[in-house]
Amino acid sequence: MTIYSRISGTGSYLPEKVLTNKALEAHVETSDEWIFSRTGIRQRHVAADNEFASDLALAASRRALEAAGVAAADLSLIIVATTTPDMVFPSTACILQAKLGAKYCPAFDVQAVCSGFVYALATADQFMRSGQYQNILVVGAEVFSRILDWEDRTTCVLFGDGAGAVVLQRSDAPGILSSHLHADGSHAGILSVPGSVSGGKVSGRPLLQMEGNAVFKFAVRVLGEVAEEALAFNHLEKSAIDWLIPHQANIRIIQATAKKLGMPMDKVITTVDKHANTSAASVPLALDTAVRDGRIRPGQLLMLEGVGGGFTWGAVLVRM
Ligand code: UT7
């Protein structure tokens, strides 16, 4: 019998503090009109100084576990996708495991920037298919506000903080149909945080830098390609997809991707207006939003897509 993973619960968490475009106008030379018309963003959430990725992950995970009816003690694996870990080590997944009270299950982080959740979900699915795991927690959690240059208007208006989580359970029917991951490290330079810790000091510049136009074009191309790849692999037509849940970086990238798939925007989940780009948290945040407001229903087919620094990209087809 083939073993599959099924999403049995979703959860998310956003820090309390909301930073609107209007409020940003006081910090950098920008306008609500510029930000909204170029990106679709109206506001973002920003973590408090004492909130770390593991805290955001904890709140999202508790909600996902509750929705799935799974106790933390019954988890067999925890995977956290994050680019903004609490510290160099231990992993945010290990810190989360302790906070959840999920003793002894393996826990590790995945680093694929904005594709992080898609990479983590694909990884979890492979573990599940091995037959050794029953309940897997997959989390995307980010505090991107910590790695932004708040004086650089070309980047600081684009990102936000948040976390999303899903519980995967073993199932004899899909579930996750397939996942398709890619990377091309030759494009590392167009989106990076070029800093590291060395000899007790930070070397390089540990703040996000991006060539926006190059990232935009790359994202539109690869999101279209990987969606086609996932459909072809499963012998499915574009019309089979009930909901597209793409990485939430820019509404214009999302619209271009939907257009390539021939999908009307009312079949696309968008949260970029309220959350901005929360990197690895953006897809599970959007997923949880639409599960909880009743748009996503059991039996529907979802196309999850991520793209981000590395460059990395990927798609996961999920039957709810
Ligand atoms: O998860 C993946 C991560 N990132 C992304 O997916 C982002 C992908 N890229 C984008 O979303 C877009 O390229 C941006 C939103 C970053 C930029 O939009 P754009 O339409 O490509 O604008 P642009 O970079 O061509 O800039 C147009 C103008 C420039 O002024 P000049 O040189 O034409 O005089 C910028 O200096 O807009 C200026 N500008 C701003 N003006 C007001 C750049 N940022 C701002 C700002 N407010 N915040």
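Remember, it's 1-based here, ligands and their atoms both numbered in the order they're listed.
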Original post:
Near ligand 1, which protein residues have a heavy atom under 4.0 Å away?
Top reply: Glu29, Thr30, Trp34, Arg38, Thr39, Cys114, Arg153, Thr154, Val157, Leu158, Leu191, Met210, Gly212, Asn213, Val215, Phe216, His247, Ala249, Asn250, Arg252, Ile253, Asn277, Val307
Original post:
If you draw a 6.0 Å radius around CZ in Arg295, do more than 12 non-hydrogen atoms from other residues or ligands fall strictly inside?
Top reply: yes
Original post:
Do Arg146's NZ or CZ and the ring of Phe52 fall within the cation-pi criteria of under 6.0 Å and 45°?
Top reply: yes
Subject >> For Ile245, the option from Val316, Val268, Ile296 that meets side chain to side chain contact (heavy atoms under 4.5 Å, CB included) >> reply: Ile296
**OP:** Please indicate whether Glu66 has more than 12 foreign heavy atoms, meaning atoms of other residues, nucleotides or ligands, lying under 6.0 Å from its CD.
**Re:** no
Original post:
Side-chain donor-acceptor pair under 3.5 Å between Ser178 and Asn234, yes or no?
Top reply: yes
Original post:
Side-chain heavy atoms under 4.5 angstrom apart, residues restricted to Ile, Leu, Val, Met, Phe, Trp, Tyr: same cluster for Tyr4 and Ile7?
Top reply: no
